[in-house]
Amino acid sequence: MPRSERLTRSQLAISSVLLAPRLLGARVRSTVGGELVEIRLTEVEAYEGIDDPASHAYRGPTARNGVMFGPAGFLYTYFTYGMHWCANIVCAEPGRASAVLLRAGTVVLGHETARARRPAARSDRDLARGPARLAQCLALGREHNGLDLLSTRASVRLMSLGPGPSLRAGPVAIVQGPRVGIRVATDRPWRFWLADEPSVSAFRPGVLKARAARPAH
DNA sequence: AGGACGATTAACT
DNA sequence: GTTAATCGTCCTC
């Protein structure tokens with residue numbers, strides 16, 4: 001069996017829609033806090049940066065989304081709903097602000113640590129089922145925003161791309177559909193997941209809600 | 001300075 | 001199926 005080549009930054013300098021399916025099956029390794037947890041990605045979403053109304057980067061750079069406008073291979077973490085962190089892999093060329101949201105995975109190393117970090121998980125399949133749960137398994141937070149996932153010394157690393165849809169020895173069935181929890185650009189089917197994976201999160205359409213009319217004056 | 005809302009989750013009925 | 005939790009960010013005034 002040939003030794004796998006080291007992942008390069010140029011392999012990640014492609015659009016999020018192209019990269020997302022290639023990340024399925026990839027390993028993300030965390031050694032945060034001196035504890036090893038490694039996850040195999042089973043569900044991701046592409047966010048096409050400045051061209052995508054659903055992206056955090058759509059309205060231009062801010063203090064929060066600055067990392068998205070930088071080079072590929074860096075981690076973009078954000079805080080949401082007042083309590084959860086989620087994680088993305090920045091891709092494409094600087095300025096495009098494309099990124100892939102890590103939505104779900106299975107724990108392949110550090111199961112005991114993952115369970116300790118996710119006490120609410122009723123079963124192994126729930127450990128990293130959902131973007132905030134995945135981030136919690138890997139102990140990701142604000143301090144990891146902007147981290148270089150390709151550095152061998154980083155506490156969070158992207159170990160390789162996934163096998164992809166065209167692997168000859170054992171085809172990997174990849175499914176594509178609408179993204180979860182967004183209210184705009186819902187017609188873009190940029191969520192990708194592995195078929196028959198119990199760790200894939202439930203689809204919840206973005207809540208339709210009329211925008212409150214601004215008082216005229 | 002104020003307020004609406006969110007790339008969610010867990011706990012309910 | 002529904003909903004509370006909870007606060008950083010961003011938009012508006």
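Side chains included, hydrogens not; waters and symmetry mates left out as well; all remaining heavy atoms used. Just so we're on the same page: letters track the sequence lines, and every chain starts at 1.
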Starting from P on B/dG6, measure out to CZ on A/R204 and report it in whole angstrom. 15 Å

Interface polar pairs with nucleotides 5-9 of chain C, N/O, under 3.5 angstrom:
unit_1, atom_1, unit_2, atom_2, d
C/dT6, O2, A/Y81, O, 2.4
C/dT9, OP1, A/R142, NH2, 3.3

Go through DNA chain B and write down every stem, that is, every run of at least three consecutive Watson-Crick or G-U wobble pairs with distances under 3.5 Å, as range with range. B:1-6 with C:7-12, B:8-12 with C:1-5

Using side-chain heavy atoms (C-beta onward) and a distance below 4.5 Å, is A/H111 in contact with A/D124? yes

Would you indicate, yes or no, if B/dT8 has its OP1 or OP2 atom less than 4.0 angstrom from a side-chain nitrogen or oxygen of A/R103? yes

In this structure, how many angstroms lie between the P atom of B/dC12 and the CZ atom of A/R122, rounded? 11 Å

Report yes if some heavy atom in the side chain of A/I89 is under 4.5 Å from a heavy atom in the side chain of A/L102; otherwise report no. yes

Side chain to side chain contact (heavy atoms under 4.5 Å, CB included) partner of A/T77, the single match among A/N88, A/V156, A/V67, A/N145: A/N145

Between B/dT8, B/dT9, B/dG6, which nucleotide has the shortest distance from any of its atoms to the side chain of A/R183? B/dG6

Atom CZ of A/R59 to atom P of C/dC11: distance rounded to whole Å? 6 Å

Which part of the nucleic acid, if any, lies within reach of A/I182 when heavy atoms closer than 4.0 Å are counted: base, sugar-phosphate only, or nothing? sugar-phosphate

If we check side chain to side chain contact (heavy atoms under 4.5 Å, CB included) with A/V44, which of these qualifies: A/V100, A/L19, A/L101? A/V100

Remember a base hit wins even if backbone is also touched, and classify A/R118 as base, sugar-phosphate or nothing at under 4.0 Å, heavy atoms. sugar-phosphate

Over how many whole Å does the gap from A/L127 atom CG to B/dT9 atom P extend? 13 Å

Measure from CZ on A/F203 to P on B/dT8 and round the result to the nearest Å. 11 Å

For the pair A/R96 and A/D52, find out whether any cationic side-chain nitrogen is under 4.0 Å from an anionic carboxylate oxygen. no

A/H84/A/F79 under ring-ring contact (aromatic ring centres under 6.0 Å, His included): CA gap, chis, key distance, verdict: CA-CA 6 Å; A/H84 300 303; A/F79 184 65; 8.2 Å; no

Whole Å only: how far is the CD atom of A/E43 from the C1' atom of B/dA7? 11 Å

Across the strands shown, which category fits A/A54 at heavy-atom distances under 4.0 angstrom: base, sugar-phosphate, nothing? base

Between A/Y47, A/Y76, A/Y78, which is the residue that forms a side chain to side chain donor-acceptor pair (under 3.5 Å) with A/H56? A/Y76

Counting only non-hydrogen atoms, which of residues 130-138 of chain A are less than 4.0 Å from DNA chain B? A/G130, A/P131, A/A132, A/R133

Pair A/V207, A/R183 - check side-chain contact (heavy atoms from CB on, under 4.5 Å), show working. CA-CA 7 Å; A/V207 179; A/R183 301 163 57 167; 5.5 Å; no

Identify whether the distance between the nearest side-chain nitrogen and carboxylate oxygen of A/R40 and A/E197 falls below 4.0 Å. yes

Can you tell me if A/S199 and A/T42 form a side-chain donor-acceptor pair at under 3.5 Å? yes

I'd like to know if A/D148 and A/R9 make a salt bridge, using a cut-off of under 4.0 Å between side-chain N and carboxylate O. yes

Distance, rounded to the nearest Å, where A/R129 contributes CZ and B/dA7 contributes P: 20 Å

What I'd like to find out is whether the side chain of A/L161 reaches to under 4.5 Å of the side chain of A/L23, using heavy atoms alone. yes

